[in-house]
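Presented below is the structure to which this report refers.
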Amino acid sequence: MFEPWMVAAGAVALALLVAMLLAAAQESRRHARQHRLDQAYARARRVRYAGTGEQGRPYSVYTDRVNQF
């Protein structure tokens, strides 16, 4: 009924499928992490040029703004 080559081909196909799924999941995690980093760097850039925090308060009452651009 099942020949040995059919079982071997099925095992190889299953192994390739699992490898592809793991690679896709890793790429998805990497993409999500990069997206979070991009958002954080954009937020830091806005804060640096504005000289205030995200909610509009200065980070320090003892220093001047970082940039006046």
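Source: prediction; values computed, not measured. No hydrogens, no waters, no symmetry mates; every other heavy atom, side chains included, goes into these values.
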Test side chain to side chain contact (heavy atoms under 4.5 Å, CB included) applied to Gln39 - qualifying residues, sequence neighbours left out: His35

CZ on Arg29 to CD on Gln34, rounded to 0.5 Å: 15.5 Å

Any side-chain heavy-atom pair of Gln26 and Leu22 under 4.5 Å: no

Arg33 atom CZ: more than 12 heavy-atom contacts under 6.0 Å: no

